[in-house]
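Structure record follows, encoded as structure tokens.
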Amino acid sequence: MRRLLYMIPVAIGISIIAFLTMYAAGDPIALIKAGKPNINEATLSGLRTYYGLDKPIPLQYVNWLMNILQLNFGKSLYGGLPVNQIIGPRIWPTIELQIVSLLIAFAVSIPIAVQSARKPYSKQDVAVTSFSLFGVSMPTFWFGLILIIVFSFTLGWFPSAGSQGVAGFVWWGNSFFDQIAHLILPVAVLVYVSLAQNIRLIRANMLEVLRSDYILAARASGLSERKVVYSYALRNAITPAITFLGIALGGMIAGAPMTEYVFSWPGLGRQYVTSTLNLDFPTIMGITMIITVMTLIANLIMDVLYVYIDPRVRIR
Amino acid sequence: MNLENEKPNGGGKRRSASQWAVAWRRFRRNKAGVAGLVIVLAVVFIGIFGDFIAPYPAYPANGAFGPFYKGDVRTAPNSHYLMGTDVLGTDVFSDILHGTKFALYVGVVVTIITMAIAILVGAVAGYFGSWVDNVLMRITEVFLVFPSLLFILIFVRVFTLGGGAGSSFNFLGISVPFGLTIVVVVLAIFNWPGDARMIRGEFLRVRELEFVEAEKALGAGNRRIIFRHILPNILSSIIVVASLTIAYAILLEAGVSFLGFGDVSTMTWGQILENNFSDMRIVWWAEVFPGLAILITVFGFNLLGDGLSDALNPRLRD
């Protein structure tokens, strides 16, 4: 609950930073003018009033905040469409991509990390640690490029771009399998990257926990190895991993732009890249706020999970 | 070494030297760490001498094609162009060699700025504790939670608006690209929080040790205790984190450049990837090899960091 209240100042702080960044860029109208030298003054001042840029900055901020609380992000400076219409259809593809890869990464990383930690410095462990070190050393987007070159261009197994077939062409027969075909490569990229991080973290914690006295006691009392490792040790080894995951989530959600860009995925990340290059501030700030809220919600879920796994937190 | 000559220096100095010697001996036994060191040394060598080894000169900043341009656009790798030529007709192999110095520049400078901020914040928070710690750590958490890549992109975009691409400034006789420096500073501004937390943790641990109390009893000031006594004690952790930060910074810059936000006139590895992205169905070699260069370099720094961590903080190992 305290956590929930704490989220509010974080969100407000980020909104202020986002808003001020826009002013660091200078006057958006001046930018328009720089791009179109022939535009006349009347049009410019018309635009100024249209976007509410003639009012003092604090008032503009309050207006903007009031509007986004009503889920109204204003109009895009690039094309004039309402930001809602630009962002709306892109939220789900991003969430879809993130959730699928997060779940797979977490489910796979736990058994691998545990097995690896049980026999540290064995052949298997060395293989796993170098595999994961490779994963954290690799540029996310480059791994995506390689997958596209190999599986899309050369082998032709999967589509190289988008989230569904275009112009009536569907992969693998029907539209459901078509979506899966489009998901496989980007998910593979995101899974590999977070898998590597998870494995490194859980393995390190597991190594530490397996050396502690209570594990020795559990073994001495004759419990099965499986029970000792998975229900005694894992619980303690996984809690720091979850804390870290909560912190890293922001980075992961924000890391999606690269993957989305590589695979032309119609999500928030790719739109953010396009809008930022175009200096389309209403859209930029809208996406920033939505991603911030998504990150904070994800953090909250992590906190709840944390209490569930580690009951000591509740008592404190 | 002659022990008798060392004696008047006082035991402290000699002991600290041998502590590093012990660490070095431990490090040498770690094959992965040594491999990392070898990779890093090779990368540094190429960074310094790459301009002289490269078979073709660098892509000229003014956009005009240099003498190396022979109309060989999109040539597959062959004996003249080991890694092929890209969409602009430049030799990918040469581009990678030229780009090495930029990767090192990014890694090292981002790390220096990051560590400076992180040490300051971490030291103050960890040493003074109470409300100072509370305030600084809340700020750090905000930075950690929020999607920093989004802010990095918009900051880079906004700050490179006033030009800067193409121009460079002189630093100690070395010409440094201006646009890339902006990217570096922005990366550092958003990169310090994780490191600051780590350093704070180390300060919390060390400040409870007896020797700090002894210093206080002797009347040493806070600044002296922080910089002269605690900092050297956590130097090993700082070195480890610095090595990992270099790796991360190189990765991040490649990503920023790849998304089209980098310094267009500076051929960093990420920039090569970006230039050839739209044509990658044809020029796959211009995507594969620069990425490999990034992978190997970052892998080297990560291996080195892990190796150093094992050698310098043996308590983490067993």
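Below, read A as the first sequence line, B as the second, and so on, with proteins coming before strands; counting in each chain starts at 1.
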Give every donor-acceptor pair under 3.5 Å between a side-chain atom in residues 281-296 of chain B and any protein atom, sequence neighbours left out.
unit_1	atom_1	unit_2	atom_2	d
B:W285	NE1	B:T75	O	3.3
B:W285	NE1	B:T85	O	2.9
B:E287	OE2	B:F277	N	3.4

Can you tell me which portion of [X] sits under 4.5 Å from chain B's heavy atoms? Options are side chain, backbone, both or neither.
X      : result
A:Y261 : both
A:Y272 : side chain
A:L145 : both
A:I284 : side chain
A:V136 : both

Residue B:L259 versus chain A: region with a heavy atom under 4.5 Å: both
task: Side chain from CB out, backbone as N, CA, C, O: work out which of these in B:E274 comes under 4.5 Å of a heavy atom of chain A, or both, or neither.
output: side chain
Is a side-chain N or O of [X] found less than 3.5 angstrom from the main chain of [Y], in a donor-acceptor match?
X      : Y      : answer
B:T111 : B:I246 : yes
A:T94  : A:L268 : yes
A:R203 : A:A113 : no

- prompt: In terms of the angle between their ring planes, are A:Y192 and A:F143 parallel, tilted or perpendicular, with boundaries placed at 30° and 60°?
  reply: tilted
statement: From the list A:I149, A:L133, A:T288, the residue making the most non-hydrogen contacts under 4.5 Å with chain B is A:L133
- prompt: A:F263: what forms a ring-ring contact (aromatic ring centres under 6.0 Å, His included) with it, not counting sequence neighbours?
  reply: none
field: Best-contacting candidate, B:L252, B:V156, B:I152, B:V298, against chain A by heavy atom pairs under 4.5 angstrom
entry: B:V298
message: Heavy-atom pairs under 4.5 Å with chain A - which of B:A247, B:A254, B:G270 has more of them than the others?
response: B:A254
- prompt: When you look at B:N302 and A:S137, which way does the side-chain hydrogen bond (donor to acceptor under 3.5 Å, both in side chains) test go after all the steps?
  reply: CA-CA 7 Å; B:N302 275 333; A:S137 305; 2.9 Å; yes
